[in-house]
Amino acid sequence: MRFLETFFNGAVMAKYLPDLLSAIVTTLWLSAVILVLGLSLGLALACLRSLGRWYLTLPIVAFADIGRALPPLVVILICYFGLPGLGISLSGPMVLILVLAAVLAAFAEEIFWAGLTAVPKGQWEAGRATGLGFARTLFEIALPQAIRMGIPPLVNRALAITKMTALGSVIGVKEILSVSSSAQSFSGSATPLTMAALAYLAIFLPAVLLSRLLERRYSWAV
Amino acid sequence: MTAPAPVHQRPMLEINRLEKRFGETEVLKSIDLRVAPGELVFVIGPSGSGKSTMLRCCNRLEEPSSGTILLDGEHVTDCRGAALDRMRLKIGMVFQGFHLYPHKSVLGNVMLAQIRALKRPKAEAKARAMEMLEHVGLAHKADAMPAELSGGQQQRVAIARALALDPKVMLFDEPTSALDPELVGSVLKVMRQLRDEGMTMLVVSHEMGFAREAADRVVFMDGGVVVEAGPPGAIFGNPQSDRLKSFLARVSKAAE
Ligand SMILES: Nc1ncnc2c1ncn2[C@@H]1O[C@H](COP(=O)(O)OP(=O)(O)O)[C@@H](O)[C@H]1O
Ligand SMILES: [Mg+2]
């Protein structure tokens, strides 16, 4: 009974449910924006890198390496607490979106690029020999194959990044973790944290299952 | 004074003093070759003699170091950017490794460049693709994915993909070398049919039997030069140079 009382207290649940629901909505839209921005920026960078110009490749590789090396929390704190000193004040959600999208873009660029380099040279030659230009060959022939190869690591990375929306709790973003941990300190009950865990499961378990479907949908025998 | 050659005698493909260097290594040393309209020219020679490089220079997959290449009187070697892409539409190429697009169906493979490069309307491209697949005996595989096909079928799709663009010349780089022996015949059959329809063809291959029976002319390359050229009867029946003699001896020994 102690266990139920601690983790599944009905009265506490009822009290904080509305707050938590709105936090779930916040986490969802933050994740969606981060995924769209991060994946498209990563894809665009990989495409630019495929042009093989050093003045593009150099900054892209630097961005990808730094973005993958720095702990996201450090960057979030620097942007949230440091930038105002330069006269740039960004809201918590804004900082969270920009930083996590940039980190995702850094990883996604490397994944898309790895896929592009793994596309056999003969595929490019077949495209070019049939009169397709560089861009058409890239978009119609190389990228679809690169994306397909990248889907498993991309899905893992996307899940990892969206879970990092919980870092928003340190800069006052009203997402699931921050709402439930403040509820926990107000109520003195661990139940809100249980609710947070359930909420994360409710979001990410379907996402994991969906990703399995996606992997199957985009696989073809070679 | 000799009379000017009649118009129909103008070569379809003309390679003049073609040279290609990779860094220090000279791979092609002044190659001259003419292919008349409707002619099937067969290129033989030991591995590393520069046969693939010569073919790949014809559509500029390799950049020639010097020399000129003309297709039906038009310079291939001067083209850049979009003009080169348009020129490549007229030069069909078939690779040893097929290089079908694994993410597209057979039909999609044959339609892609028609739509994206030749700018054919989709319905027309589809009709043309089906016609070409019919031609290579694979219309019933239109909706299959490349991985579901045998090597011989994949190569025939690759031929259909090139033919669908209505090229003026077809280049074949060892089209049957990657195939199991029992599948070679199906590809050669399509090539013979093409030849009978009057397609101009430049074929690099080790299928000597096919060369004897279908080639108008055989060119023997070694060490980046054309050592000997002539009708198949003369090349195989009465080789002049020692290099060709020893090459033919080696090939026939390997075939036994
Ligand atoms: N991209 C390249 N870079 C350097 N050397 C090359 C390249 N492509 C071909 N070669 C060299 O050129 C020579 C001719 O090759 P290739 O044209 O493939 O001969 P073949 O098709 O007759 O076997 C070989 O010695 C090969 O090593
Ligand atoms: Mg070769």
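From a predicted model like this one, the values you see are computed outputs, not experimental measurements.
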*Could you name the residues of residues 108-115 of chain B that have a heavy atom within less than 4.5 Å of a heavy atom in chain A?*
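If one takes a 4.5 Å heavy-atom cut-off, the residues of residues 108-115 of chain B near chain A are L112(B), A113(B).
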Which residues in residues 157-177 of chain B have a heavy atom less than 4.5 Å from any heavy atom of chain A?
->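 Within residues 157-177 of chain B, near chain A: R161(B), L165(B).
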Exceeds 12 heavy-atom contacts within 6.0 angstrom, atom [atom1] of [X]:
{"X": "K90(B)", "atom1": "NZ", "result": "yes"}
{"X": "R212(A)", "atom1": "CZ", "result": "no"}
{"X": "K119(B)", "atom1": "NZ", "result": "yes"}
{"X": "K104(B)", "atom1": "NZ", "result": "yes"}

task: Would you mind telling me which of L89(B), L61(B), I91(B) has the largest number of heavy-atom pairs within less than 4.5 Å of chain A?
output: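 Most pairs with chain A among the choices: L61(B).
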Tabulate, in ascending numerical order, the residues of residues 117-143 of chain A having at least one heavy atom closer than 4.5 Å to a heavy atom of chain B, or enter 'none'.
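Checking residues 117-143 of chain A against chain B gives K121(A), G122(A), Q123(A), E125(A), A126(A), G127(A), R128(A), A129(A), T130(A), G131(A), L132(A), G133(A), R136(A), E140(A), I141(A).
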Heavy-atom cut-off 4.5 Å, strictly under: side chain, backbone, both or neither for [X] against chain A?
{"X": "F95(B)", "result": "side chain"}
{"X": "R60(B)", "result": "neither"}
{"X": "R86(B)", "result": "neither"}

Problem - Counterpart residues, ring pair (Phe, Tyr, Trp, His ring centres under 6.0 Å), relative to F42(B) (two or more places apart) - result: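 Testing F42(B) for ring pair (Phe, Tyr, Trp, His ring centres under 6.0 Å), a comparison that skips the adjacent residues, returns none.
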